[in-house]
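Just so it is clear: chains get the letters A, B, ... in the order the sequence lines come, proteins before strands, and each one is counted from 1.
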2 protein chains.
Amino acid sequence: MWGVKDVKQEKLTDTVAFRLGTLGAITADRFAEGIAVHGLRAKHAGLLALLASGAAASQQEIARTMKVTPSLVVGLADDLEELGAVGRERDPDDRRRQVLTITGRGHELLAACTAVAHALDEELAAGLGDAPAAALRDALALLAARSGLPG
Amino acid sequence: MWGVKDVKQEKLTDTVAFRLGTLGAITADRFAEGIAVHGLRAKHAGLLALLASGAAASQQEIARTMKVTPSLVVGLADDLEELGAVGRERDPDDRRRQVLTITGRGHELLAACTAVAHALDEELAAGLGDAPAAALRDALALLAARSGLPG
DNA sequence: TATTGTTATACTCTATAACTATA
DNA sequence: TATAGTTATAGAGTATAACAATA
């Protein structure tokens, strides 16, 4: 009628942003648990995926792409080198650059991480049904692309 | 034909789990930035939302519902009390219990947090289009309910 | 001088354990 | 004894800043 504004008093917990944050944290925790047995944390897996995609090689490029500081990449690369998952060589053309390459063992570990993520996907899909699960997958793919995420 | 297994070599970065984790972290960061001006972090907002819903009142109940330790709730309640967002009173029936109640100022701050989340929602929806945005919202609502999240 | 990687240090968030008071 | 809350301490993860090597 008049004066009655359409005040949509949405609850914080009902927003997409809040649910994306909380469900994302839960999922990340479960992923971390699943890959911990291999001595890996989520950032190790992300780094391996990045090397496998060929999108980055030097530690600076990796830091920029992953949006973390170069000093963090040093530690991640140390760990992965110790696990035999990556090789680390000075670039002959610019000896300041450390070029990381994923090894066969690194591909194995990445596959193990992917399997953990895939199992989580199936669990999520089972709780949704086929059509909503596909819609979720498509929506997240779009948002990931728009956010400039690698993959 | 024969011997050719259906090896679905999905990439880690293409899984729903990985994208949910990364997009969730990005969204949580942006939410944190948006509410920081009010002196709040995400957990403060979650606690206010919990009090507003009436689902918990004592610090132990809050800790259980938010899946954090009681000692963390002490600090959050300290902060919110100092901001005038919550009242804290001993339960007369059991003087061990501290009962938190959200104040008028608390409702204001919660509304400010909700507005930040709502703005993020609109930005996410704008990047998707109406139908996929609605599908995302519905899927996350279902997953949130199945994960036992408050709201 | 500028850049890459490294090291040293500090900060944030959270949990664990010990403690106080009530029951 | 058991429980609610608090305090003290420790750990994980990350960033910032200073540094060494190379350009």
Nearest whole angstrom, please: distance from the [atom2] of [N] to the [atom1] of [X].
X	N	atom1	atom2	result
B:Met66	C:dA15	CE	P	10 Å
A:Asp29	D:dG13	CG	P	11 Å
B:Leu100	D:dA4	CG	P	14 Å
B:Lys67	C:dA15	NZ	C1'	17 Å
A:Glu81	C:dT6	CD	P	9 Å

| Through what angle, rounded to 10 degrees, does the axis of the helix from C:dT1-D:dA23 to C:dA23-D:dT1 turn between its ends, using five pairs per end? | 20°
| query | When we call it a touch if two heavy atoms are under 4.0 Å apart, what does B:Arg64 touch: a base, just sugar-phosphate, or nothing? | reply | nothing
| said: Categorize A:Ser58 for me: base, sugar-phosphate, or nothing, with a 4.0 angstrom heavy-atom threshold over every strand shown. | reply: sugar-phosphate
| message | Can you tell me whether the side chain of B:Ser71 and the base of C:dT14 have a donor-acceptor pair closer than 3.5 Å? | response | no
| request: Would you check if there is a donor-acceptor pair between the side chains of B:Gln59 and B:Arg88 at a distance under 3.5 Å? | output: yes
Quick one: does any side-chain atom of [X] pair with a main-chain N or O of [Y] as donor and acceptor, under 3.5 Å?
X	Y	value
A:Thr103	A:Gly84	yes
B:Glu61	B:Ser58	yes
A:Thr114	B:Lys11	no

| task | Return yes when atom CZ of A:Arg90 has more than 12 non-hydrogen atoms of other residues, nucleotides or ligands closer than 6.0 Å, and no otherwise. | result | yes
Which pairs, protein N/O on one side and nucleotides 20-23 of chain C N/O on the other, fall under 3.5 Å?
residue: C:dA23; atom: OP1; partner: B:Arg95; partner atom: N; Å: 2.9

| note | Quick note, B:Leu72 side chain, CB onward, closest among D:dT6, D:dA15, C:dA15 is C:dA15
Salt bridge or not between [X] and [Y]? Use side-chain N to carboxylate O under 4.0 Å.
X	Y	answer
A:Glu10	B:Arg137	yes
B:Asp79	B:Arg41	yes
B:Arg105	B:Glu81	no

| remark: Correct closest heavy-atom pair for A:Gly127 and B:Leu142 would be O-CD2, 4.5 Å
| Within the structure, does a side-chain N or O atom of B:Arg88 lie under 4.0 Å from either OP1 or OP2 of D:dA4? | no
